[in-house]
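Here is the naming used below: chain letters follow the sequence lines, and residue numbers restart at 1 for every chain.
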Amino acid sequence: MMSIEELRRALHHETAGLRADIPTARVRRRAQGMRRRRRGITVATIFTLTLAVVGGAYAIRIKPIPPAVTGPTTLYYSDGTTVLARLGADDPPLTTPVRLVFNHVFDELSHGEDSPLRGQSWRRSRRGGTPSRRRSTPGLSRCWNKAADETVDGSVMTGQPADLQAAGVVVEPGTGRVLAYYGGHEGLGIDYAGFYFDQNGEATGARSVPAGRDVHGLHPGGRAEGGHLAEVTMAVDAARPGRPPSGEPDPQHEHVLVQPAGQQLHAAGLGPEHAEHVRSTTSP
Amino acid sequence: MVGDTRTRGFSMADPDEFAQFVSASSQRLFRAACLLTGGDTATADDLVADALARVYLAWSRIRSDDAFAYARRTLVNRHLDWRRMLRRRAETLTATVPEHMARGGDHTHDVVQRDSVMRSLRGLTRRERAVVVLRYFLDLSEEATAAELGIAVGTVKSTNARALAKLRVSPDLAGGYRPGVPTAFPHGDRP
């Protein structure tokens, strides 16, 4: 068996007779060739990069710039075909009651854990033409409409004074999805949809006045001072069409808010417990 | 400027000084290269010329340091360079035998012995060969070998152990090494 010393000796001994024929001139020629190649590579790289930059700039120049997406965001019922409303980026945010639902939706989109638009500004969401599906359940909305329409038998509004309006929105616990919405008497009343958390996470409500609506901050606790509200609880028949699919939580906000028509309304009429519930179900 | 050998960012070596370095180091580098290549003297010649050319290009930086160490490291790194491995797959035919025999006497035994040693080295991997050459031919320590190859000392130890184990069971060196006495013949017969 060969020892280390034997190996060392073998390596030295067996290469002792080898002679190199490497003149200095040959080394210099090779070095100069290397230098030329290095420079060539550098020049080629610069040339290639320049071409890439110029080509890229040209491609950018000739590439048609896609038009900015300015389509309105569309809110559908859960069937995906029935359009509840559309809202463009430049539309006033709170001009009709139904658009208040959008604020709920944007609230969900910008705060929901599973939302692809989480953290995105509302304006961008509105500009992006984002279709929001399954935000409202037609059957449940019909149920709401019947319940709030004083002309329909069984409505909680039946027999109420003519100056009372009803409005409401059903928000799915846990997800904050708007399952049903009723904009109030003739669509002008104030309701749950008038209450949402804005981009800053502040609870915001709408004040109903004959000339329109103004946005103002809610009084801590969800009820503004000076409000004159009545609240009626209604039951939604679970067997009716429009009930959320099996497995989803049952809607919890079976409330109808009634308010004196024509009188100044200062808040959305949510009690502290409702405000807390909405906050817990819509905020991340 | 008189005496300034730097031109356009490229450092030209002092001709006399560099020639002396080539003369003094090329033989040892060539022998190491022959061992690294397992006896392929043509490739060894190319490796040494390549390493020396790189020394020439870096001469102004390394002349005050250990230029031979730079050349040695360049040689080993070029030997381990995977791009060279790819290029070397093609067989190179030469018209003349590049190696020079030792003068005087009958060199048959030397040639056979060398062939057996080189064939044993060819049974090693490139890194194993590099470790053996650096450790036992160029007499570097394990730490210096590790630094030369850019690997850990532990890797040097394990690689060295594997290489020695292979050499010890190599049929060409099974009977030990005795200078001038062939330990085996390439094809079973004396040439």
Toward chain A, the part of B/L164 with a non-hydrogen atom under 4.5 Å: side chain

Which residue is it: B/F68, B/W59, B/Y56? I am looking for the one with a ring pair (Phe, Tyr, Trp, His ring centres under 6.0 Å) to B/F21. B/W59

Heavy-atom donor-acceptor pair, B/N77 side chain to B/R73 backbone, under 3.5 Å: yes

Consider only side-chain N and O atoms of B/D40 and B/T43, and report whether a donor and an acceptor are under 3.5 Å apart. yes

Is B/L29 in contact with chain A via its backbone, its side chain, both, or neither, using a 4.5 Å heavy-atom distance? neither

Part of B/R28 lying under 4.5 Å from any heavy atom of chain A: neither

Does atom CZ of A/R26 have more than 12 heavy-atom neighbours, drawn from other residues, nucleotides or ligands, at distances under 6.0 Å? yes

